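Data first, discussion second: the structure below is written as structure tokens.
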Amino acid sequence: MQPVNHEAPAGRVLDIAMATHLFASDWAYCDQMATYAAALVSQRRADSLRYANLFSSVLNELLETVFRQHHPHGEIACRIFRGEPHDRIELTIPCDASTRAFYESAMVDASSPDVAEKYLSSLLDNAISDPRIGLLELAADYRAQLSLVENAGDTLTLVVDIIIDDSAI
Amino acid sequence: MQSTMSYTARFDENNQEIVLAGSIRPKGADELAELRKTFDRAIQATRGTLYLNAKRLVQLNNAGFQEITNFVKSAGLQKPNLKITVITSSYVGWSLRKFSLLQKIGSNVTVEQYDKDFYPGQSVLEDSGFIPILRTQTKMTWRHERDLLPRHGLKPAMAVADICCGIGDFAALVYKEFQPSRLLAIDHSKPSLAYARKVASDFHIEGIEYVHGDAANLLVEDNEFDFVTCRHSLQVFDRPELILKELFRICKPGGRVYITNEKNSHCLGEPRADSIQWTYNEVARLWAHFKMDIELGPKSRRFLLDAGFDDVQVESFMVTNRDGDPQDFADVIASWEDVYAGQMAVQRGDTAEFIARFRQGFQDHISAALHPKGYAGWPIWAASARKPR
């Protein structure tokens with residue numbers, strides 16, 4: 001389990017909670033939650049549409065990962081913080097041993113120096129979709145810092161600190 | 001809210017181009033049967049280079065991207081000599097970075113970023129020295145448009161989009177005068193947007209979203225705005241119908257689109273009317289040479305009807321030297337002379353004799369504007385139309 005690298009940004013802008021079985025009942029919820037959250041958190045950015053588009057991509061990949069890898073009972077909570085320079089997404093999910101093992105292993109891969117090669121390999125070489133692929137992309141392409149926090153009561157929190165690239169704005 | 005699979009994939013055989021648009025976020029490859037059919041058909045029908053146009057692909061998850069990588073790999077196996085060129089847009093932040101990974105598959109794949117070619121002749125308008133003149137122009141036209149906009153349907157508390165907002169001064173005036181519930185201002189020029197944001201900040205205007213975007217491929221969802229404006233812009237595009245298609249798309253059913261354009265050959269002045277008229281007729285020809293139509297104003301009705309709008313309203317107004325300070329009018333004409341005679345005519349390869357006569361008409365227009373008994377005019381056509389419910 002890696003330590004969280006940054007202080008949580010002060011500005012908490014959004015909390016979404018959903019029963020896991022409900023979330024897992026429809027793939028479209030990933031897209032809908034990502035689009036909704038992105039529209040809200042993009043307010044008062046230098047370029048709101050560009051920010052929303054990128055943020056939606058990031059959050060959608062996280063939610064799709066959780067959709068594929070979660071323990072079926074309990075609640076999923078998504079918290080979004082606005083900070084400077086990075087924003088933070090926290091996804092708290094119910095977990096059992098296998099779920100925990102998946103995320104711990106994915107964190108190791110996502111923080112490895114050759115994460116870009118791992119993402120490319122996952123993308124190009126695997127006939128069957130690799131459930132880590134979204135996390136690898138966030139680390140490789142968005143330079144997100146990913147970490148896990150163990151909570152009481154068989155949940156863990158996936159913490160993603162990210163600076164949305166505004167170089168083209 | 002867009003659904004996970006609200007995308008289109010169309011193969012244009014004439015252009016050997018697959019056009020992807022919308023959002024592709026499938027759970028698995030089995031949801032992409034139609035996309036795969038399009039890809040297969042394209043591979044079979046194409047020789048030489050196949051273009052994969054992703055300019056309007058707004059979202060793509062990794063499951064969808066894997067399907068595209070499979071397509072590229074399959075194309076390489078079936079037709080080893082086939083080249084694939086992927087066209088991305090700089091306005092979609094992830095697009096170039098993500099699609100560039102396809103180049104790892106093989107040397108037959110190239111990835112390009114589209115944008116600049118769509119805006120012929122506009123670099124000169126992005127020159128920061130031109131900005132004060134643009135502000136003066138808006139000041140002059142606003143005197144008319146402030147009264148005219150309500151007749152075309154603009155009311156307070158509407159959701160408004162200003163497409164091709166330029167330096168953002170019109171959006172700021174609309175914001176102050178009409179208090180829209182939302183005001184999105186989009187332009188493709190980063191220097192113009194930077195200026196717009198600075199002006200908004202200086203004036204403590206916080207309610208305008210200034211956004212970098214391509215008017216022909218907007219990252220805005222369908223049916224989002226009550227009132228969409230696009231001023232003095234259709235005339236600078238060689239394909240105005242593409243812009244109108246987007247204005248139609250983002251306008252709510254029952255909402256209105258408002259456009260302004262010029263007919264520069266109708267600029268006039270007294271005294272020295274003949275010289276002035278000759279020069280502005282030549283301005284129209286000069287713009288046409290650069291594939292822009294500065295005569296578009298009276299064609300607005302046809303363009304709006306062809307784009308699918310109804311309830312078209314067209315009116316014209318004349319900005320004159322009698323509106324406010326005549327020196328403002330003279331300054332605008334002087335800037336036109338600099339750009340049209342000093343840059344565009346030179347670029348076209350015009351003779352010194354032609355350019356001297358061309359400049360004289362602008363000088364005569366300036367003289368008319370500043371003459372104690374003179375009159376100088378610049379006509380503008382304002383048109384609006386409703387998107388059918």
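Because the structure is a prediction, the values reported are computed rather than measured. Residue numbers start from 1 in every chain, and the chains themselves are labelled A, B, ... in the order their sequence lines are given, proteins ahead of strands.
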List the steps, then state whether side chain to side chain donor-acceptor pair (under 3.5 Å) holds for A:E61 with B:N61.
CA-CA 7 Å; A:E61 289 298 337; B:N61 70 357; 5.3 Å; no
Check whether B:R197 reaches the backbone of A:A46 with its side chain - one donor and one acceptor, N or O, closer than 3.5 Å.
yes
Partners of A:S48 by side chain to side chain donor-acceptor pair (under 3.5 Å), sequence neighbours excluded?
B:E209
In sequence, state the C-alpha distance, the side-chain angles, and the governing distance for B:N62 and A:Y119, and then conclude on side chain to side chain donor-acceptor pair (under 3.5 Å).
CA-CA 10 Å; B:N62 277 298; A:Y119 171 53; 2.7 Å; yes
Nearest-0.5 Å distance that lies between atom CG in A:L123 and atom CD1 in B:I105
7.5 Å
Whether A:N53 side chain and B:V58 backbone form a donor-acceptor pair below 3.5 Å:
yes
Which bit of A:S42 comes within less than 4.5 Å of chain B, counting heavy atoms only: side chain, backbone, both or neither?
neither
In this structure, CG of A:L63 is separated from CZ of B:R25 (nearest 0.5 Å) by 9.5 Å
Bottom line for A:L120: the part with an atom under 4.5 Å from chain B's heavy atoms is side chain
Which atoms of B:L102 come close to chain A, meaning under 4.5 Å heavy atom to heavy atom: side chain ones, backbone ones, both, or neither?
neither
A:S57 OG to B:K98 NZ distance, which is reported to the nearest 0.5 Å:
6.5 Å
After noting the C-alpha distance and the side-chain angles of B:V211 and A:R50, does the key distance pass the side-chain contact (heavy atoms from CB on, under 4.5 Å) rule?
CA-CA 8 Å; B:V211 165; A:R50 181 182 169 85; over 6 Å; no
Distance in Å, A:L54 CG paired with B:S95 OG, rounded so as to fall on 0.5 Å steps
10.5 Å
A:R68 side chain to B:K27 main-chain N or O, any donor-acceptor pair under 3.5 Å?
yes
CD (B:Q66) and OG (A:S122) are apart, to the nearest 0.5 Å, by 6.0 Å
Here the gap from A:I164 atom CD1 to B:W94 atom CH2, rounded to the nearest 0.5 Å, amounts to 14.0 Å
Let's go through B:L218 and A:L49 carefully: what are the C-alpha distance in whole Å and the side-chain angles of both, what is the deciding distance for side-chain contact (heavy atoms from CB on, under 4.5 Å) to 0.1 Å, and is it a yes or a no?
CA-CA 10 Å; B:L218 296 166; A:L49 289 188; over 6 Å; no
Does B:K73 use its side chain to pair, donor to acceptor, with the backbone of A:L124 at less than 3.5 Å?
yes
